[in-house]
Trainee: 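For reference, the structure I am asking about is given below.
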Amino acid sequence: MKTNAIRIHQPGGPEVMVWEEVDLAAPGAGQVLLRHTAVGLNYIDVYHRTGLYPAPLPFTPGLEGAGIVEAVGDGVTELKAGDRVAYANPPLGAYSVSRLMPADRLVKLPDHIHDRTAAAMMLQGMTAQYLLRRTYRVQPGDTILIHAAAGGVGLLVCQWAKHLGATVIGTVGSEEKAALAKAHGCDHTILYKSEDFVARVKEITKGEGVPVVYDSVGKDTFLNSLDCLRPLGMMVLFGQSSGKVEPFDTGLLGAKGSLFLTRPSLMAYTAKRSDMVASASELFEVVGKGVVKVEINQTYSLKDAAQAHRDLEARKTTGSTLLLP
Ligand code: NDP
């Protein structure tokens with residue numbers, strides 16, 4: 001059969017994403033034919049498009065979606081046609097109307113989770129889950145720092161960390177974003193384009209520093225983030241929206257107080273199916289209870305993915321973004 005998808009034939013700017021008709025085989029053993037009802041936009045899609053994270057060419061980008069199972073291949077017993085499912089995993093290929101997916105990378109959606117909510121939250125939400133619950137286990141009374149607090153991962157982390165009893169400090173790129181982060185549990189916002197965020201974190205923590213920094217901005221914030229940590233603090237570098245962090249002297253970790261540094265990825269934290277299911281279940285629970293709200297603040301037609309990338313890279317988006325087939 002045929003379907004439509006965004007294809008990238010060479011890495012580059014948003015314009016390299018073209019809408020094409022592509023062939024789609026019947027699902028093979030262990031596979032599911034999935035018709036997307038919604039696709040999630042994530043910053044990692046930009047890294048794939050630009051070639052920062054190389055993908056074999058040509059390819060269809062995208063790692064997150066939700067939809068309806070249309071057919072299953074041999075050996076698939078836990079899913080059947082008509083099931084509502086979602087995912088946030090390789091293989092690439094989410095920017096498509098329909099696609100094949102390995103059945104063991106899908107989770108069934110509970111009735112209370114809408115497809116659009118799922119497509120908007122699976123990747124960013126399971127990331128928030130492992131950051132707060134596994135990489136550094138946030139405790140009641142902790143004061144934590146999250147960069148880009150009004151972004152997709154940022155708004156989820158603010159709400160979830162608040163629910164866990166933390167005081168949340170968040171950096172943001174504008175006054176509007178500060179108001180949005182505050183409305184989602186961020187206790188202190190810092191306008192990091194104009195304010196010295198190290199000085200402000202020191203002021204808020206009365207000189208002590210924070211036990212953990214969640215830094216997805218990378219190049220522009222990494223070294224200063226180390227200065228926000230208290231001794232034995234944990235630097236969680238989980239992205240590079242401003243560019244890749246330059247190689248640095250590991251002696252700095254000692255000089256700044258025996259710091260820990262980790263560079264985690266959702267793929268590693270959910271490589272085992274049991275970990276993925278546990279993470280998704282925790283996410284469904286906090287969203288189901290209304291503790292964490294998923295803000296879908298932008299929607300685009302999937303065909304217009306290039307414009308969505310332009311807006312994401314220009315820091316114009318807040319919360320989560322959907323691409324609709
Ligand atoms: P966001 O919605 O957070 O968008 C990125 C935000 O980063 C912007 O809105 C902007 O917010 C901020 N930013 C700061 N400097 C720049 C810059 N130079 N260019 C563009 N943006 C900048 O995206 P996501 O929620 O999808 O992802 C957030 C980050 O988390 C990304 O770096 C992503 O790669 C990473 N990530 C990592 C995962 C992992 O497992 N390691 C999984 C999921 C996401 P502001 O204007 O407020 O500064």
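Both ligands and their constituent atoms are indexed starting at 1 by order of listing.
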Trainee: Among all protein heavy atoms, pick the one closest to atom 19 (N) of ligand 1 and tell me residue, atom and distance.
Mentor: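 Ranked first by proximity to atom 19 (N) of ligand 1 is Ser241 O, 3.3 Å.
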Trainee: If the cut-off is 4.0 Å to any non-hydrogen atom of Val217, which atoms of ligand 1 fall inside it?
Mentor: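 Close to Val217: 14 (C), 15 (N).
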Trainee: List ligand 1 atoms under 4.0 Å from Leu123, heavy atoms only on the residue side.
Mentor: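 Going through ligand 1 atom by atom, the ones under 4.0 Å from Leu123 are 42 (C), 43 (C).
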Trainee: Starting from atom 42 (C) of ligand 1, which protein heavy atom do you reach first, and at what distance in Å?
Mentor: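 Protein heavy atom with the smallest distance to atom 42 (C) of ligand 1: Thr127 OG1, 3.1 Å.
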Trainee: Below 3.5 angstrom, do we get any N/O pair linking Lys193 and ligand 1?
Mentor: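 In this structure, Lys193 places no N or O atom under 3.5 Å from an N or O of ligand 1.
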Trainee: Keeping the roles fixed (side chain from Lys202, backbone from Asp227), state whether a donor-acceptor pair exists under 3.5 Å.
Mentor: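 Yes, the answer is positive, given that a donor and an acceptor are paired below the 3.5 Å cut-off.
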Trainee: Is it true that a side-chain atom of Asn89 and a backbone atom of Arg105 form a donor plus acceptor pair closer than 3.5 Å?
Mentor: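 Present.
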Trainee: Can you find a side-chain donor-acceptor pair between Ser98 and Glu70 that sits under 3.5 Å?
Mentor: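 Result is no, nothing qualifies.
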Trainee: Compute the shortest N/O to N/O distance between Leu41 and ligand 1 and return yes if it is under 3.5 Å, no if not.
Mentor: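 Between Leu41 and ligand 1, no N or O pair is found under 3.5 Å apart.
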Trainee: Ignoring hydrogens, just give me the one of Lys219, Arg263, Gln298, Lys177 whose non-hydrogen atom is nearest atom 9 (O) of ligand 1.
Mentor: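 Nearest option to atom 9 (O) of ligand 1, by heavy atoms: Lys177.
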Trainee: One pair to check against side-chain hydrogen bond (donor to acceptor under 3.5 Å, both in side chains): Asp45 and Tyr95. What are the steps and the verdict?
Mentor: CA-CA 10 Å; Asp45 306 343; Tyr95 286 21; 2.6 Å; yes
Trainee: Which of the atoms of ligand 1 are close to Glu313, meaning less than 4.0 Å from one of its heavy atoms?
Mentor: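 Checking each atom against Glu313, I get 19 (N), 20 (C).
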Trainee: For a side-chain hydrogen bond (donor to acceptor under 3.5 Å, both in side chains) check, start with the C-alpha distance between Thr135 and Tyr269, then their side-chain angles and the critical distance, and finish with the verdict.
Mentor: CA-CA 9 Å; Thr135 308; Tyr269 276 85; 3.0 Å; yes
Trainee: Who's the nearest protein heavy-atom neighbour of atom 6 (C) of ligand 1, and how far?
Mentor: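 Heavy-atom neighbour on the protein nearest atom 6 (C) of ligand 1: Ala148 CB, 4.0 Å.
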Trainee: Contact between ligand 1 and Pro264 is defined here as a heavy atom of the residue under 4.0 Å from a ligand atom; is it met?
Mentor: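 It does, in that a heavy atom of Pro264 comes within the 4.0 Å cut-off of ligand 1.
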Trainee: Report yes if Asp220 has an N/O atom closer than 3.5 Å to an N/O atom of ligand 1; otherwise report no.
Mentor: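 No; every N/O pair is 3.5 Å or more apart.
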Trainee: Geometry only, no angles: is Tyr130 polar-contacting ligand 1 at N/O separations under 3.5 Å?
Mentor: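 Min N/O separation from ligand 1 is below 3.5 Å for Tyr130.
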Trainee: For ligand 1 and Gly152, I'd like to know whether there is a polar contact (N/O to N/O, distance under 3.5 Å).
Mentor: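 Yes.
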Trainee: Output the list of atoms in ligand 1 that are nearer than 4.0 Å to some heavy atom of Asn42, sorted by atom number.
Mentor: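 In order of numbering, the contacting atoms are 26 (O).
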Trainee: Counting C-beta onward and ignoring hydrogens, is there a side-chain heavy-atom pair between Val32 and Val72 closer than 4.5 Å?
Mentor: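 Result yes, sub-4.5 Å side-chain heavy-atom pair found.
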Trainee: As an exercise, identify every atom of ligand 1 less than 4.0 angstrom from a heavy atom of Leu312.
Mentor: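 Result: 4 (O).
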Trainee: Ignoring angles and geometry beyond distance, decide whether Ser265 reaches within less than 3.5 Å of ligand 1 through its nitrogen or oxygen atoms.
Mentor: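 The answer is no, given that Ser265 and ligand 1 share no N or O pair closer than 3.5 Å.
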Trainee: Are Arg134 and Glu282 ion-paired here, with the side-chain N under 4.0 Å from a carboxylate O?
Mentor: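 Result for this pair is no, no salt bridge flagged.
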Trainee: Asp311 and Gln298: side-chain hydrogen bond (donor to acceptor under 3.5 Å, both in side chains), yes or no, with the steps?
Mentor: CA-CA 10 Å; Asp311 292 347; Gln298 300 76 215; over 6 Å; no
Trainee: Using a 4.0 Å cut-off to any heavy atom of Gln124, which atoms of ligand 1 qualify?
Mentor: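 So the atoms of ligand 1 that pass are 24 (P), 25 (O), 26 (O).
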Trainee: Starting from atom 25 (O) of ligand 1, find the nearest protein heavy-atom neighbour and note its residue, name and distance.
Mentor: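 Protein heavy atom at minimum distance: Val153 N, 2.9 Å.
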Trainee: Under a 4.5 Å cut-off applied to non-hydrogen side-chain atoms, are Leu123 and Tyr43 in contact?
Mentor: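 No, every pair of side-chain atoms sits at 4.5 Å or beyond.
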Trainee: So which heavy atom in the protein is nearest atom 20 (C) of ligand 1, and how far is it from that ligand atom?
Mentor: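 Of every protein heavy atom, Tyr43 OH, 3.2 Å lies nearest to atom 20 (C) of ligand 1.
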Trainee: Side-chain contact, heavy-atom cut-off 4.5 Å: Leu52 with Pro11?
Mentor: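 Leu52 vs Pro11: side chains apart.
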Trainee: Under a 3.5 Å distance rule, please check whether Glu20 uses its side chain to pair with a backbone N or O of Arg7 as donor and acceptor.
Mentor: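 Flag not set: sc Glu20 to bb Arg7 has no pair under 3.5 Å.
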Trainee: What protein heavy atom lies closest to atom 18 (N) of ligand 1? Include the residue and the distance to one decimal.
Mentor: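 Nearest protein contact, heavy atoms only, for atom 18 (N) of ligand 1 is Ser242 CA, 3.5 Å.
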Trainee: Asp187 and Thr167: side-chain hydrogen bond (donor to acceptor under 3.5 Å, both in side chains), yes or no, with the steps?
Mentor: CA-CA 6 Å; Asp187 299 278; Thr167 297; 4.7 Å; no
Trainee: Going by heavy atoms in the side chains, are Ile8 and His48 under 4.5 Å from each other?
Mentor: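 Ile8 does not reach His48 side chain to side chain.
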Trainee: Gly151 heavy atoms, cut-off 4.0 Å: which ligand 1 atoms fall inside?
Mentor: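 Checking each atom against Gly151, I get 1 (P), 2 (O), 3 (O).
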Trainee: Can you confirm, on distance only, whether ligand 1 has an N/O atom lying under 3.5 Å from any N/O atom belonging to Gly239?
Mentor: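 No.
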Trainee: Is there a nitrogen or oxygen of Leu266 sitting under 3.5 Å from a nitrogen or oxygen of ligand 1?
Mentor: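 Yes, Leu266 has an N/O under 3.5 Å of an N/O on ligand 1.
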Trainee: Name the closest protein heavy atom to atom 47 (O) of ligand 1, giving the residue it belongs to and the distance to 0.1 Å.
Mentor: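 Protein heavy atom at minimum distance: Gly173 N, 2.8 Å.
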Trainee: To the nearest 0.1 Å, how far is atom 35 (C) of ligand 1 from its closest protein heavy atom, and which atom is that?
Mentor: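 Result for atom 35 (C) of ligand 1: Phe238 O, 3.6 Å.
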Trainee: Does some side-chain heavy atom of Arg315 sit less than 4.5 Å from a side-chain heavy atom of Lys193?
Mentor: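 Contact flag for Lys193/Arg315 side chains = yes.
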Trainee: Parallel, tilted or perpendicular, judged at 30° and 60°: which one describes the rings of Tyr192 and His147?
Mentor: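 Answer is parallel, since the angle falls under 30°.
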Trainee: Take a 6.0 Å sphere around CD of Glu15 and say whether it holds more than 12 heavy atoms from other residues, nucleotides or ligands.
Mentor: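 Count over threshold, so yes.
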Trainee: Which of the atoms of ligand 1 are close to Gln240, meaning less than 4.0 Å from one of its heavy atoms?
Mentor: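 Reading through ligand 1 atom by atom, the close ones are 32 (O).
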Trainee: Relative to atom 12 (C) of ligand 1, which among Tyr53, Tyr47, Tyr192 owns the nearest non-hydrogen atom?
Mentor: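 Shortest heavy-atom distance from atom 12 (C) of ligand 1: Tyr192.
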